[in-house]
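In what follows, a structure is listed as structure tokens, so that the remarks can point back to it.
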Amino acid sequence: MTPAPRDGLPPLVDHHCHGVLRHQPTAAEFAGLLTESDRPAAPGTSYLDSQLGFALRRWCPPVLGLPPHCPPADYLARRAELGPDETRRLLLTAAGIGTYLVDTGLPGPLTGPAGTAESGGGTGHEIVRLETLAEHTARQTADAEEFLDALARAVRDAAAHAVAFKTVAAYRHGLALAAHPPGRDVVHAAARGWLAAGEDRLADPVLLRHLVELAVATGLPLQIHTGFGDPDLRLHHADPALLTDFVRATADTGTPLVLLHCYPYHRQAAYLAAVYPHVYADVGLALGHTGARAAAVLAEFLELTPFGKLLFSTDAYGLPELYTVGSAVFRTALRTVLDDWTHHGAWSYEDAARVAALIAAENARRLYGLGDGP
Amino acid sequence: MTPAPRDGLPPLVDHHCHGVLRHQPTAAEFAGLLTESDRPAAPGTSYLDSQLGFALRRWCPPVLGLPPHCPPADYLARRAELGPDETRRLLLTAAGIGTYLVDTGLPGPLTGPAGTAESGGGTGHEIVRLETLAEHTARQTADAEEFLDALARAVRDAAAHAVAFKTVAAYRHGLALAAHPPGRDVVHAAARGWLAAGEDRLADPVLLRHLVELAVATGLPLQIHTGFGDPDLRLHHADPALLTDFVRATADTGTPLVLLHCYPYHRQAAYLAAVYPHVYADVGLALGHTGARAAAVLAEFLELTPFGKLLFSTDAYGLPELYTVGSAVFRTALRTVLDDWTHHGAWSYEDAARVAALIAAENARRLYGLGDGP
Amino acid sequence: MTPAPRDGLPPLVDHHCHGVLRHQPTAAEFAGLLTESDRPAAPGTSYLDSQLGFALRRWCPPVLGLPPHCPPADYLARRAELGPDETRRLLLTAAGIGTYLVDTGLPGPLTGPAGTAESGGGTGHEIVRLETLAEHTARQTADAEEFLDALARAVRDAAAHAVAFKTVAAYRHGLALAAHPPGRDVVHAAARGWLAAGEDRLADPVLLRHLVELAVATGLPLQIHTGFGDPDLRLHHADPALLTDFVRATADTGTPLVLLHCYPYHRQAAYLAAVYPHVYADVGLALGHTGARAAAVLAEFLELTPFGKLLFSTDAYGLPELYTVGSAVFRTALRTVLDDWTHHGAWSYEDAARVAALIAAENARRLYGLGDGP
């Protein structure tokens, strides 16, 4: 077993991640999980030739007993030799994550919160994805009345066991959500329209806003996808600044809003976190995908984000490697940034250590009510 | 008395700042003046845990005889011991600012241009905030006719003693100002509407544009708030690129436009300064609030902004510490950036010294007609 | 003759550039070619006081036998002494560019693809600018029918000898192009309207989108101006994210789209290149104009852009110096970035060398079908 890094950080709280494949992926499946694209790489190119691919080749081979940057084929051969369970155990243990908050809203044969956490020797909690919950509820109900009643119940029930909700409204409509929730009649009309259209995918802005309101009413933190992701979104519609009216309208609810990923609008997200007490920001996807540049991106996050408001996550999905990479890239980036600032006297060593622990775990523990740590 | 830094720079021209409190702030008031938020910090967090808070803790305690990064309570105790006048004198003197251009449009028991400058051993000049002037004028007049006549006079009169005007249209409407000024009838109708509504706050886009036009007609530099600020603005409506049509329409007037703060759209501001001769840019709020990251942010400003077009300001408000921090962070950032470029041979030492003096003081002296310096 | 740098890179492929002046420019003409502005510099300032100006003063004087950073007047005197032909030969040879893809759509007494390339000892190819082609065609035809027929023929004919098309729709309308091409009747009506208006400049969004469709249909790579440029554009209308619907609609055509320049929206461009196989990105104008900051800007490009998708160009125009500067700044930036990443172990030396060759030449060779190199 590869021990977690000894860098003075507490076990990390990964406040936004996903399950991993239970089976051994093919080479093509493996490469496909390294990109947000849903198509094969362009002719003559490879998805391994990216910051994420290079970061994986730096951090994962040593965990499986190979030299860093070894050829991808060697790595995949070694992985097959070990099998998916042992690979997962090694890679997750090396990540040094103590707590996993797992978004269970993605389909596929993935490990759940408990199974994911167990592989890494940690504890798992569930994040409920609102749109998946609504689509599931719609499939179980006969008409709009029944759907809306069941949906309200489903959100309340989920709040009893989940630690947070998540919305992907950025993908479905964009982040220019209405400040105020739609009235009852408007919601019912929208529900009738959606159900009548027979679409599986919920993209109606009225229903999305209604769903978000149901979640806000529970008081659980609401994670909001912002910034880049798969090609199902229009990037400029995912600028978190577009949330401003919604953020203002929810400022007095006491419900925290957590802006996920944010890149390349992370300075905009940091601004919202700086001026609205209930807004938090997350480094998420932005560090793993930028690899060698993660310190620079993290430093940009740390321009305006209050230090008690920034959260760590890997956004790992499918490959256990993404946990290893997310953790290693975050640790390296954080050390690089803080070493630089303390070295130049801009920050004291005591403050740097304190802020590192906040971002690595303590902010998430406070926000999600996780207690004092493992 | 703490002498100003001996770093080869001339006494700075702070071309955009505000008065400071005359009284001793409470701890809560002090922390509140370190954020652009108008609410208490989130539970478990502190506004001192930010780049601005850490920069203050680095630079200000030594000016008051304490070690850098000492606990905030020690600092506040020392501050109380010295009293507000001596604190202000020490902190402003340490800033090494020779000339203060003070926006007098904020309410509160603040020092004025002369009082602020005197504490720091410098000279003060006034910047007149247009919206404050209009709101004041409205309170003195009986109807729309009288208001508009008085407003035109007030702007002309202000131009006789002020060195610049400032608009906060970014807060009131956003920066998508109409290219061309509204016609007389439209302005009169808007004035009647605003006065009839009985609102104190001027947010009507027709009147804002009219006001800006009155200022442009005087030929004095017009400072325009752009980019981040307090939560009264929608960040994406404060992108200076939105000013493009207005900028084009004023290109032949000879009136300089000065884009304040700009962050996180400072590259957009730099572009406008690069292609329109009458546009200038300001590092303002963006350096103090990003603290340890100020060199990186300044470097981004210096990608496209012509070196004869970038201006120094602290945007200090309320706390004299913000002058000390604004000056120290700017000096450190400038030295860091220029040392890097000269060290690698990208710039000559002679050019670096010349550009440093331009940004620190000479560009502002030329732009505001301040003469050859103190 | 000044030999090209020996830095291990293959001869560069400059996949987007322009001709240079055949005559000796005056001092004013020289300064004017260093800015994207179309006006004289602001009072008391000089276009030489910019990152591009300083980069030119670093890299070009040594090529003409003068010390780096010598006074501009000395440089211009030496240039006049050598004459335009010898100056061009020296400066282009020093650039180490083996292949020039020249956009021939700009007016003026400029060298063509063959003449430009010959001065630098390389090979030239033509890129056809769509809007120039359409405007030229309109001047040769009598009515809308004839114009549209001739235009379709002209695009097909151009595809037979050009290596790529280029559109400046960003300048004419902005990048929010319709996803789908306009129908025949709409195009004819638009053509009649434009021809009737008697305007030389094609800015009609229907005709621009039609023109782009004709180009896409040829299968040749389509270069798209995005991001900053001369003041004829609104910067925020040139954000490549605005192309998303168009990009999606062309994803199955097999026609590559190449996003030029991109700054300050290069992270947005990188995202599109990451998730859409047919999208490529170009460092272009963004490196030369940011000079001492080019490594930082290149590093930002390399956060999300797949390494098989990034292309080198100088966007040189008018002055042969811009080839020298574009090449030198790119080489320096690339070495700086890769040295940093290999030094810290983030990348292997083998990968760094491989990626450097991809960006410098191989990606362009593959994309434009240029064969295996000179």
Side-chain angles (χ1 to χ4, degrees), chain B residues 175-176 236 239-245 247-248 251-252 254 256 264-280 296 298-310 337-338 340-352 354-355 358 362-363 365-367, chain C residues 34-55 57-59 61-62 67-72 174 227-239 263-267 285-287 289-297 300 328-329 332-333 336:
Chain B
L175 293 178
H236 54 304
D239 178 348
L242 297 171
L243 288 166
T244 305
D245 291 343
V247 166
R248 286 178 184 169
D252 291 322
Y265 307 108
H266 41 295
R267 284 167 160 169
Q268 282 85 330
Y271 167 73
L272 293 175
V275 299
Y276 295 101
H278 68 314
V279 176
Y280 294 76
L298 177 62
E300 291 179 2
F301 263 111
L302 286 170
E303 287 164 4
L304 284 195
T305 314
F307 307 141
K309 297 284 209 78
L310 191 61
V337 166
L338 298 184
D340 181 43
W341 295 343
T342 51
H343 176 74
H344 288 93
W347 287 29
S348 71
Y349 290 96
E350 293 71 16
D351 281 327
R354 184 169 62 85
V355 169
L358 287 174
E362 291 172 22
N363 287 338
R365 297 206 158 276
R366 178 184 353 103
L367 177 61
Chain C
L34 290 182
T35 175
E36 290 287 327
S37 185
D38 53 1
R39 289 166 174 265
T45 75
S46 159
Y47 285 130
L48 281 161
D49 280 350
S50 63
Q51 291 286 6
L52 179 58
F54 281 22
R57 289 179 47 219
R58 174 192 196 178
W59 294 110
H69 303 296
C70 73
F228 85 119
D230 70 54
D232 194 24
L233 56 73
R234 289 177 179 84
L235 189 56
H236 54 304
H237 292 193
D239 179 348
Y263 182 98
Y265 307 107
H266 40 297
R267 284 168 159 168
L285 209 49
L287 299 196
H289 276 259
T290 60
R293 285 284 298 170
V297 173
E300 291 179 2
V329 161
T332 308
T336 302

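Small disclaimer: the values here were computed from a predicted structure and weren't measured. A, B, ... follow the sequence lines: proteins, then strands. Residue 1 opens every chain.
Note: Leu304(B) leads Val337(B), Leu304(B), Thr244(B) in heavy-atom pairs under 4.5 Å with chain C. Interface summary for chain C: among Val279(B), Leu302(B), Leu367(B), the most heavy-atom pairs under 4.5 angstrom belong to Leu302(B).
A donor atom on one side chain and an acceptor atom on the other are found under 3.5 Å apart for Gln51(C) and Trp347(B).
Interface remark: Pro68(C) contributes no atoms to any contact with chain B (heavy atom separation under 4.5 Å). Proximity to chain C (any heavy atom under 4.5 Å) is restricted, for Asp245(B), to the side chain, taken from C-beta onward. Neither the backbone nor the side chain of His278(B) has a heavy atom closer than 4.5 Å to any heavy atom of chain C. Using a 4.5 Å cut-off between heavy atoms, Ala270(B) does not touch chain C at all. When heavy atoms are compared at a cutoff of 4.5 Å, Leu272(B) does not approach chain C at all. Looking at Val297(C), only its side chain comes within 4.5 Å of chain B, counting heavy atoms on both sides. With a threshold of 4.5 angstrom between heavy atoms, Ala292(C) approaches chain B through its backbone and through its side chain. Using a 4.5 Å cut-off between heavy atoms, Val355(B) contacts chain C through its side chain alone, with no backbone atom that close. Of the two parts of Arg234(C), the backbone and the side chain both hold a non-hydrogen atom closer than 4.5 Å to a non-hydrogen atom of chain B. Looking at Tyr280(B), only its side chain comes within 4.5 Å of chain C, counting heavy atoms on both sides. When heavy atoms are compared at a cutoff of 4.5 Å, Leu52(C) does not approach chain B at all.
A distance-only check finds no donor-acceptor pair linking the side chain of Thr45(C) to the backbone of Gly308(B) [under 3.5 Å].
Arg267(B) has its side chain out of reach of Thr290(C): every pair of non-hydrogen atoms, C-beta onward, lies at least 4.5 Å apart. The shortest distance between side-chain heavy atoms of Arg354(B) and Asp49(C) falls below 4.5 Å. In this structure, Trp341(B) and Arg293(C) have side chains that are in contact, with non-hydrogen atoms separated by less than 4.5 Å.
Between Tyr271(B) and Tyr263(C), a ring centre-to-centre spacing not shorter than 6.0 Å is recorded.
Residues Thr35(C) and Ala274(B) approach most closely at OG1-O, 3.7 Å, considering heavy atoms.
Remark: Arg57(C) does not engage Glu350(B) in a salt bridge, criterion side-chain N to carboxylate O under 4.0 Å. A salt bridge does not link Arg248(B) with Asp232(C): every distance from a Lys NZ or Arg NE/NH1/NH2 to an Asp or Glu carboxylate oxygen is 4.0 Å or more.
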